[in-house]
Amino acid sequence: MKPSEIDLHKELKKYFGFNQFKGLQEGVVKSIITHNNTFVIMPTGGGKSLCYQLPALVLDGTAIVVSPLIALMKNQVDAIRSLSSEAGVAHVLNSSLTKTEVNQVKRDISSGLTKLLYVAPESLTKEEYVEFLRSVPISFVAIDEAHCISEWGHDFRPEYRNLRSIIKQLGDVPIIGLTATATPKVQEDILKNLDMTDAATFKASFNRPNLYYEIRPKTKNIEGDIIRFIKQHKGKSGVIYCLSRKKVEEIAQVLQVNGISAVPYHAGLDAKTRAKHQDMFLMEDVDVVVATIAFGMGIDKPDVRFVIHHDIPKSLESYYQETGRAGRDGGEGHCLAYYSYKDIEKLEKFMAGKPVAEQEIGFALLQEVVSYAETSMSRRKFLLHYFGEEFDEVNGEGADMDDNVRNPKKKVEAQDQVVILLETVRDTKELYKSKEIVFTLIGKINAVIKAHKTDAQKFFGKGKDHDEKYWMALIRQVLVDGLLSKDIETYGVLKLSKKGEAFIKKPVSFMMSEDHEYSESDDETIVTSAKSSGTADEALMNMLIDLRKKVAKKLGVPPFVVFQEPSLEDIALKYPITIDELSNVHGVGEGKAKKYGKEFVELIARYVEDNDIMRPDDLVVKSTGANSALKLYIIQNIDRKLPLDDIAKAKGLDMDALLKEMEQIVYSGTKLNIKYWIDDILDDDQQEEIHDYFMDSHSDKIQDALDEFEGDYDTEELRLMRIHFISEVAN
């Protein structure tokens, strides 16, 4: 049938049962059936696969679909076969097939039966396959997940690089590139690499107005926060993403122990278990899947109501793709990510062994994630700008669907600073990335600045009234506003836009939002999230602080010895009215509850009754057994006076991790006698000096102690003495 004779609506109804196309589908299908090179950028859930499946079914010949994921190919083949009476209508060609199966595939293609042939890029490099495909009519080649071609894509695959030369061997066939996520830089890469700069480009909006974006600081009590969040969304489906398999297992266990139906999913589980867990989630036998990013490729569950990132992803593309699995049906979708700069540093460490070019790209992509997490402007506007899309943050669809817009930060006039910033980019000849621009502004020298002799210029240090953080925040906001842009060729280098040049000549008001502070307290054993989510009962909190002062005074100890502040916040959240309930509060163990708890639970019981408070009785976060086994091991071996470094080594911990465990043990009210170890590192006078400091101090923060002693003691010595002090005085 000639392309002009095809009635697309009729074919759409016949094969897929739909009466009309969705979004840009019709334009894309028309472009493909008239043999044009076509480039499609369409977010997940937008109906990308139909764009090549329908043309393949109606055109003569076989369409080749290149896809990196074997599991995805299988799903798609099954879906196409269900539309036709012939099983041969769609086939997979990859390394998993036997010789007999390969011959069957070849027969079906030669006879004209096969309309879609799914291949992995590696299969296309096989001489015999290329030879065979040259001998049969090919309607077009579709390259799915086309961002895999670009090193700047979040999922780069070197084998995608040779696709163009292989396709050329097949003759003059049109190419269709498809991706669900691509920044302007990646889009340019794809078109160049596939040698199809003439392609008709179709780009759907990346805006998902029904998704709510929220970032919370990642504190030590993150598990409690996640449990609380899930219990507020009882019975709804959700996905929790973690970076490591170990973390996936841990979180899944903690959720199960706390009465939430959850299963783990990662590449380390055998295929059968993975398939079973995936089906349980799809069939709603479980509410939550805790997964590494191996999960979700081709998961077509329309009613995922929340996506939680326990660890921040490596790039904004990954973040967009993973959050995009929420609310596919247009219903609510809550995207919550926990952020701490420590996680970013961890990801940077992982990159250390990689080739330099790859490291540079990785760092640049991570910096974008940091910018997104720390920004206080509309997250939606920031995200869409990253994908090259404008967004009106006042009237745009979904404009109020993020934490920054709902809880706006203070704004300050920054007109003069914007002028200084833009002039600095211009006067340094548009050679620098953000870091060097900021260094130039605050007058800090590094190798790059020295090489360009920028430190000798009159404008060097012109912005030193403000700090590094301020200028970074301003650069982010100026970029999104379009006064500066990041150069596509040398990604990350800041260039002045036409709009920016006009601003220098005729400045106007520029209101800048102050950025979020996500700093964690230095090494506190416990940092609660009650503060961050604003759920602690403030009136009760003040009463608890007063009572703690009274009890501490009576016993002649500093208040933190009785209960740490984070424990009080947790108490003000959970309203424990028995010693038993109190011993389950974060950072309060049985020993501590028995020793100090009586007056506290009496106060809370009165308060609850006087104020008619509904107590969240299920908010006790139970820990998994694995954790208590480790604590028991530590207590027993300290009793046996084993060297601490041996205890750490036996459990595969570093000293920092062991100290954290020990801190949790003593803060919960259990005694640890580590005098034998301390005597080896500090003499009696030193011990007495630190002991007296803690006795007279209002704070048990290590940073305060470090400042007080001005370098006489290191962090480890002070932490050990704090453990000893709490153990002796409090327990």
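Values below: all heavy atoms of this structure, side chains included; hydrogens, waters and symmetry mates excluded. Positions are given from 1 along the sequence.
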Please report the shortest heavy-atom distance between [X] and [Y], naming the atom on each side.
X: L178; Y: K48; answer: CD2-O, 3.8 Å
X: S67; Y: P121; answer: O-CD, 3.6 Å
X: S497; Y: L484; answer: OG-N, 4.1 Å

Inspect the surroundings of CD in Q359 and state if more than 12 heavy atoms from other residues, nucleotides or ligands are less than 6.0 Å away.
yes

Tell me, yes or no, whether the heavy-atom count around D78 atom CG, taken from other residues, nucleotides or ligands under 6.0 Å, exceeds 12.
yes

[X] with [Y]: basic N within carboxylate O range, under 4.0 Å:
X: K168; Y: D195; value: yes
X: E145; Y: R157; value: no
X: D303; Y: K236; value: no
X: E250; Y: K247; value: yes
X: K30; Y: E26; value: yes
X: K185; Y: E151; value: no
X: D279; Y: K276; value: no

Heavy-atom distance under 4.5 Å between the side chains of [X] and [Y], does that happen here?
X: S434; Y: L494; result: yes
X: M401; Y: Y213; result: no
X: L384; Y: E390; result: no
X: Y160; Y: N193; result: no

Counterpart residues, side-chain hydrogen bond (donor to acceptor under 3.5 Å, both in side chains), relative to H91 (two or more places apart)
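Testing H91 for side-chain hydrogen bond (donor to acceptor under 3.5 Å, both in side chains), a comparison that skips the adjacent residues, returns R81, D108.
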
Under the side-chain hydrogen bond (donor to acceptor under 3.5 Å, both in side chains) test, residues paired with Y212 that sit two or more places apart
none

Could you walk me through whether K301 and E284 pass the salt bridge (Lys or Arg N to Asp or Glu O under 4.0 Å) check?
CA-CA 10 Å; K301 186 165 167 56; E284 303 197 350; 2.9 Å; yes

Looking only at side-chain N and O atoms, does [Y] offer a donor or acceptor that is under 3.5 Å from a partner on [X]?
X: T179; Y: H147; result: yes
X: R476; Y: S371; result: yes
X: Y118; Y: Q76; result: yes
X: N162; Y: S165; result: no

Exam field: side chain [X] to backbone [Y], donor-acceptor pair closer than 3.5 Å:
X: S261; Y: D287; result: yes
X: T375; Y: Y372; result: no
X: R380; Y: F391; result: no

Walk me through whether V288 and I308 qualify under side chain to side chain contact (heavy atoms under 4.5 Å, CB included).
CA-CA 10 Å; V288 180; I308 296 176; over 6 Å; no

Among V369, I312, L383, V307, exactly one meets side chain to side chain contact (heavy atoms under 4.5 Å, CB included) together with Y319. Which residue is that?
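Exactly one pass, corresponding to L383.
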
Which word best sums up how the rings of F21 and H9 line up, parallel for under 30°, tilted for 30 to 60°, or perpendicular for over 60°?
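Rings of F21 and H9: perpendicular, over 60°.
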
